Amino acid sequence: MRQPGIRKREDIQMGKIILTGDRPTGRLHIGHYVGSLKRRVELQNSGEFDEIYIMIADAQALTDNADNPEKVRQNIIEVALDYLACGLDPEKSVLFIQSQVPELCEMAFYYMDLVTVSRLQRNPTVKSEIQMRNFETSLPVGFFTYPISQAADITAFKATTVPVGEDQAPMIEQTKEIVHKFNAVYGETLVEPTILLPDNEACLRLPGTDGKAKMSKSLGNCIYLSDSEEDVKKKIMSMFTDPNHLRMEDPGQVEGNPVFIYLDACCRDEHFEKYLPEYKNLGELKAHYARGGLGDVKVKRFLNSVLQEILGPIRERRKEISKDIPAVYRILEEGSRKARKKAAETLAAMKRAMKINYFEDKELIADQAERFRSRMD
C-alpha cells in the first residue's frame, strides 16, 4: 500500500502574483482610484510581478443583491470601462469575471470545512458590513461566508500580494488562517498572501463628500470617475467642510476636513505652481486655513482643479473605449478563460492533496484492485 506524500513548500510553484478586484455594484469613484486603482496601474507597469489578476466580483455582489441580479449584470461593463480607462492593460493584467470561474465555488466549499461559524462571527469586516446593511435578523448565508469565498479567490491564483484598503485587512488574515489550516492538514499546497496597503495614509479611505466616514454609492456621496466636468465641480463646491468655519477670518479645522483629506490624497506640489501659485505646497495652504483668513470656496476651487486634471483623461478614455462595447466583453471573456485555467490548476493540486482525485489516481485504483483480489484469495 502506498504512503501519502507530503509536499514541501519548495515544491509549490512560486512567483510574484497579484489578485485584487471590485464588486460590480455601481460605477467606480475617486475613492476606488486613490485607494486601489492608481496603485494597481503602477504595480502593473512596474514589471515586478509575474502575473496580475483583476477580478470583477459579481458572485460576491450577488450575496447581498440576489433579488436584483440585473443591477450586478449591468454594472459589470461599468467597472470594466473604469478599469480600462484608468490604465489597466489586458496585455499585462488578466481582467476576468468571478462567476465565470466555477472552480472558485468548489474551492470555497472545501474551505468551509476548515472555518467555524464563531470565527466568521468575529471577523470585524463582516460585522461592520452586516450592521451597515441591517442584516442582523436576515443575514444571507452567502454574505456571511464571503471571507471564505474571498480566500478562494486569492488562493486560486496563488496570489502573493493582495492590494486592498485597510478595512480588508481582517479578510486577508482569515485567508492566511485558511491557508495554514489547509497546509497543516493536507500538506503544503496553498500560498500565503501578503496585504499591500496604500502608501499614502489619506488614500486608505476617503470620506464621502457629505463628511460621512465612508464614500458609498448607497449614500450618494461619491465623485465618480465617469462624472462630467460639471458634476465633479458641483459636488466639490457643495462638499462638507469645517462647520465652525463660518467666516473667512475664522480659524479653520484641517484635521478631519474632507476637502483637505482629498487634497492629501490627490494633490502634489506642482499643482500649486499651476493652480494656486501663492502657496508652495499643501502645508502652507493648511497653515493659512488653520490660522484664518482663507475661505472654503478658494480651497474647493483648488481641489476642483486638481481632480479635473486627474479625472479628465480618465473620462475621455472611457468615452473612447465605450464606442466598442463588444470588444470590452471579448477582453473579459479571454481574461476569464485564462483565470479559469489557472484556478483549475490550483484546484487540481488541492484535490490531489486532499486525496479526492479518484479517477486520475492510478496508484489508488491499483491498490484497491490488489486489496480486493487479496480478499478473494
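Nothing here was measured: the structure is a model prediction, and the numbers come from that model.
If you chain together hydrophobic residues whose side chains sit under 4.5 Å apart, Leu332 and Leu62 never meet in one group. Hydrophobic clustering (side-chain heavy atoms under 4.5 Å, transitive across Ile, Leu, Val, Met, Phe, Trp, Tyr) groups Leu139 together with Val117. Note on Phe302: it clusters hydrophobically with Leu294, by side-chain heavy-atom contacts below 4.5 Å among ILVMFWY residues. A chain of hydrophobic side-chain contacts below 4.5 Å, direct or via other Ile, Leu, Val, Met, Phe, Trp or Tyr residues, connects Ile77 to Ile314. Taking hydrophobic clusters as Ile, Leu, Val, Met, Phe, Trp and Tyr residues chained together by side-chain heavy-atom distances below 4.5 Å, Ile236 does not share a cluster with Phe240.
Aromatic ring pairs are classed by plane angle as parallel below 30°, tilted from 30° to 60° and perpendicular above 60°; the pair Phe182 and Tyr186 is tilted. A perpendicular orientation is assigned to the rings of Phe96 and Tyr53, their planes being inclined by more than 60° (bins at 30° and 60°). Between Tyr289 and His245, the ring planes are tilted. Angles from 30° to 60° get that label.
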Yes or no on salt bridge (Lys or Arg N to Asp or Glu O under 4.0 Å) for Lys38 and Glu42, after CA distance, side-chain angles and deciding distance? CA-CA 6 Å; Lys38 182 173 180 285; Glu42 292 170 350; 3.0 Å; yes

What verdict does the side-chain hydrogen bond (donor to acceptor under 3.5 Å, both in side chains) test give for Gln98 and Arg23, after you've listed the backbone C-alpha separation in whole Å, the side-chain angles of each residue and the deciding distance to 0.1 Å? CA-CA 10 Å; Gln98 183 184 29; Arg23 288 158 48 98; over 6 Å; no

List the steps and the verdict of side-chain hydrogen bond (donor to acceptor under 3.5 Å, both in side chains) for Glu70 and Gln74. CA-CA 6 Å; Glu70 191 61 25; Gln74 294 296 331; 2.5 Å; yes

Should Tyr111 and Thr155 be marked as a side-chain hydrogen bond (donor to acceptor under 3.5 Å, both in side chains) after you check the CA-CA gap, both sets of side-chain angles, and the distance that decides it? CA-CA 11 Å; Tyr111 291 165; Thr155 56; 2.8 Å; yes

Please evaluate residues Thr145 and Thr63 with respect to the criterion side-chain contact (heavy atoms from CB on, under 4.5 Å), reporting the C-alpha separation (whole Å), side-chain torsions for both, the decisive distance (0.1 Å), and the verdict. CA-CA 9 Å; Thr145 59; Thr63 62; over 6 Å; no

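Inter-residue side-chain proximity for Tyr262 and Val259 is flagged as unmet; no heavy-atom pair is nearer than 4.5 Å. Between Thr189 and Asn183, some side-chain heavy-atom pair lies under the 4.5 Å cut-off. Considering only heavy atoms from C-beta on, Thr161 stays 4.5 Å or farther from Leu43 through its side chain.
Of the options Lys16, Lys341, Lys342, Lys158, a salt bridge (charged side-chain N to carboxylate O under 4.0 Å, His left out) to Glu51 is made by Lys342 and by none of the others. When each of Leu95, Asp22, Val79 is tested with Ile56 by the rule side chain to side chain contact (heavy atoms under 4.5 Å, CB included), just one qualifies, namely Val79. Of the options Arg40, Arg318, Arg317, Arg27, a salt bridge (charged side-chain N to carboxylate O under 4.0 Å, His left out) to Asp82 is made by Arg318 and by none of the others.
Distance check, rounded to the nearest 0.5 Å: CG of Asn65 to CG of Asn75 gives 9.0 Å. Going from atom CD of Gln150 over to atom CG of Leu19 covers 8.5 Å, rounded to the nearest 0.5 Å. The OH atom of Tyr110 sits 6.0 Å away from atom CE of Met354, with the distance rounded to the nearest 0.5 Å. Here the straight-line distance linking atom CG of Asp361 with atom CD1 of Ile356 works out to 11.5 Å at 0.5 Å rounding. Asp324 CG to Ile321 CD1: the interatomic distance, rounded to the nearest 0.5 Å, is 10.5 Å.
With Asn123 contributing its side chain and Val126 its backbone, the two residues share a donor-acceptor pair below 3.5 Å. Without hydrogens or angle criteria, Thr346 side chain to Phe157 main chain gives no donor-acceptor distance under 3.5 Å. In this structure a side-chain-to-backbone donor-acceptor pair under 3.5 Å is present from Ser128 to Thr125. Remark: the backbone N or O of Ser149 is not paired with any side-chain donor or acceptor of Gln60 at under 3.5 angstrom. Asp210 places no side-chain N or O within donor-acceptor distance of the main-chain N or O of Asn221, the cut-off being under 3.5 Å. For Gln44 (side chain) and Gly87 (main-chain N/O), a donor-acceptor pair under 3.5 Å exists by modelled atom type.
Summarising the geometry of Pro147 relative to Phe144, their closest heavy-atom pair is CD-O, 3.5 Å, with the distance given to 0.1 Å.
Using a 4.0 Å cut-off between a side-chain N of Lys or Arg and a carboxylate O of Asp or Glu, Glu370 and Arg373 qualify as a salt bridge. Salt-bridge annotation for Lys234 and Asp227: absent, with no side-chain N of the basic residue lying under 4.0 Å from a carboxylate O of the acidic one. Salt bridge status for Glu333 with Arg330: absent, with no side-chain N to carboxylate O gap under 4.0 Å.
Judged purely by distance below 3.5 Å, without hydrogens or angles, the side chains of Arg315 and Gln308 pair a donor atom with an acceptor atom. A donor-acceptor contact closer than 3.5 angstrom is absent between the side chains of Gln253 and Asn244.
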